[in-house]
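Let me begin by presenting the structure, written as structure tokens, before commenting on it.
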Amino acid sequence: MYLSRFLSLHALWVTVSSVMQHYPSVWGHYDVCKTQIYTEEGKVWDYMACQPEARDMIKYVKVTLDPPDITCGDPPETFCAMGNPYMCNNECDASTQELAHPPELMFDLEGRHPSTFWQSTTWKDYPKPLHVNITLSWNKTIELTDNIVITFESGRPDQMILEKSLDYGRTWQPYQYYATDCLDAFHMDPKSVRDLSQHTVLEIICTEEYSTGYMTNSKIIHFEIKDRFAFFAGPRLHNMASLYGQLDTTKKLRDFFTITDLRIRLLRPATGEIYVDEQHLARYFYAISDIRVYGR
């Protein structure tokens with residue numbers, strides 16, 4: 001069942017009266033609503049696609065980690081400070097609340113000090129790859145309305161893939177590749193969303209924009225939904241009717257912005273250099289303090 005089938009006023013219609021009528025689904029994918037608006041000629045009926053307000057979908061998510069024992073703290077281990085990779089006296093201990101970093105801390109309310117975060121084990125088995133799959137499942141079909149934002153408490157990974165599913169995790173397809181060196185990691189030339197257009201908006205790209213190491217002001221990774229919307233709705237998203245028209249008539253485009261599940265594939269932790277320091281493997285791990293997914 002599509003979440004977009006629930007009725008609500010769209011946020012763009014700020015000058016509407018309290019009178020609203022709903023009509024059957026006669027405009028394809030979207031239900032049709034009519035609303036009284038005020039113009040110079042007085043009250044008139046205007047027609048639009050019924051859209052529920054976007055909401056924070058993380059409130060309804062189920063998270064799964066693979067491997068399931070990849071979270072640090074069992075057994076307890078020490079790791080290096082994120083701001084100083086050579087200060088390695090921090091401890092992760094699952095049996096102590098103040099020292100534990102379980103998966104639910106990827107989604108808790110921020111603003112507390114210190115910030116809370118999920119953390120993986122360190123790269124103690126180097127050179128075996130430190131791979132982690134984080135799967136977010138909703139058991140619903142969701143239309144994305146804003147950028148997917150992942151905030152790392154550690155350095156952003158050197159290599160990562162964001163994947164999506166439209167069939168509740170049975171099959172997966174890439175959404176975007178992230179790497180410090182796209183050509184070396186994924187045999188792809190680096191691109192950004194700014195390099196795309198209406199005609200190439202469905203292209204799967206690899207970006208180097210979000211793959212730096214230990215930098216306190218560089219913790220966030222985006223999947224840019226709004227920048228892709230802008231190819232149809234304009235740079236400030238003023239023409240949403242044009243976007244909805246495209247989504248309603250182009251199934252591939254609509255499917256691109258629709259998910260049932262997301263998977264974050266962490267393939268190589270932030271190293272900050274070309275070579276891994278095998279004498280200080282406690283420097284290398286993944287830590288995520290926040291994930292944001294908005295949709296309807």
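- Heavy atoms only, all atoms of each residue included: T121 and D69 are closest at CG2-O, 4.3 Å.
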Check against side chain to side chain contact (heavy atoms under 4.5 Å, CB included), Q198 and F232: CA-CA 7 Å; Q198 274 196 21; F232 305 97; 3.7 Å; yes
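- A side-chain donor-acceptor contact under 3.5 Å links Y286 to the backbone of L130.
- Judged purely by atom type and a 3.5 angstrom limit, T260 uses its side chain to pair as donor or acceptor with the backbone of S165.
- In this structure Y175 satisfies the ring pair (Phe, Tyr, Trp, His ring centres under 6.0 Å) test together with F223, F256, sequence neighbours excluded.
- Contact of the E203 side chain with the K191 side chain is registered, since non-hydrogen atoms from C-beta on lie closer than 4.5 Å.
- Of all heavy-atom pairs between V132 and I70, the closest is CG2-CG1, 3.4 Å.
- Pairs of residues two or more places apart, or lying in two chains, never qualify as disulfide bond (SG atoms under 2.5 Å apart) while including a residue from residues 231-264.
- Under the 3.5 Å distance criterion, the side-chain polar atoms of T250 are left unmatched by any main-chain donor or acceptor of K252.
- Residues meeting the ring pair (Phe, Tyr, Trp, His ring centres under 6.0 Å) test with Y177, sequence neighbours left out: F186.
- The main-chain N or O of I225 is found under 3.5 Å from a side-chain atom of N147 such that the two form a donor-acceptor pair.
- Note: H101 and F79 have perpendicular aromatic rings, judged against thresholds of 30 and 60 degrees for the angle between ring planes.
- Pairs passing the ring-ring contact (aromatic ring centres under 6.0 Å, His included) check and including a residue from residues 144-166, sequence neighbours excluded, do not occur.
- Salt-bridge check for K251 with D255: passed, with a basic side-chain N closer than 4.0 Å to an acidic carboxylate O.
- For Y126, the ring pair (Phe, Tyr, Trp, His ring centres under 6.0 Å) partners are W123, not counting sequence neighbours.
- Here D277 pairs with R283 in a salt bridge; the nearest charged N to carboxylate O distance falls below 4.0 Å.
- Ion pairing of E143 with R254 is absent here, as no side-chain N (NZ or NE/NH1/NH2) approaches a carboxylate O to less than 4.0 Å.
- No donor-acceptor pair under 3.5 Å is formed between the side chain of D125 and the backbone N or O of K128.
- Results of the side-chain contact (heavy atoms from CB on, under 4.5 Å) test with P103 over L65, I134, I288, T64 single out L65 as the only residue that passes.
- Between P102 and T71 the shortest heavy-atom distance is CA-CG2, 4.2 Å.
- Taking all atoms of both residues into account, the shortest heavy-atom contact from T116 to S289 is O-CB, 3.4 Å.
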Check against side-chain hydrogen bond (donor to acceptor under 3.5 Å, both in side chains), T180 and E208: CA-CA 5 Å; T180 53; E208 298 176 358; over 6 Å; no
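- Side-chain N or O atoms of Y168 include none that pairs as donor or acceptor with a backbone N or O of W138 at under 3.5 Å.
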From CA spacing to verdict: side chain to side chain contact (heavy atoms under 4.5 Å, CB included), R263, L136: CA-CA 6 Å; R263 184 162 66 186; L136 311 179; over 6 Å; no
Derivation of the side chain to side chain contact (heavy atoms under 4.5 Å, CB included) call for K219 and E153: CA-CA 7 Å; K219 294 184 176 182; E153 194 65 23; 3.4 Å; yes
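- Using a 4.0 Å cut-off between a side-chain N of Lys or Arg and a carboxylate O of Asp or Glu, R194 and D227 do not qualify as a salt bridge.
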Working for side-chain hydrogen bond (donor to acceptor under 3.5 Å, both in side chains), residues S137 and D261: CA-CA 5 Å; S137 303; D261 305 75; 2.7 Å; yes
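- More than 12 heavy atoms of other residues, nucleotides or ligands shown are found within 6.0 angstrom of CD on E104.
- Here the closest heavy-atom approach between residue D56 and residue R292 is recorded as OD2-NH1, 3.1 Å.
- Contacts of F229 classified as ring pair (Phe, Tyr, Trp, His ring centres under 6.0 Å), with partners at least two apart in sequence or in another chain: F257.
- Between A233 and L243 the shortest heavy-atom distance is CB-CB, 4.2 Å.
- With hydrogens and angles disregarded, a donor-acceptor distance shorter than 3.5 Å links the side chain of D195 to the backbone of S192.
- Side-chain contact check for Q119 and S154: no donor-acceptor pair (N or O, by modelled atom type) lies under 3.5 Å.
- Under 3.5 Å, the side chains of T271 and D158 contain a donor-acceptor pair of N or O atoms.
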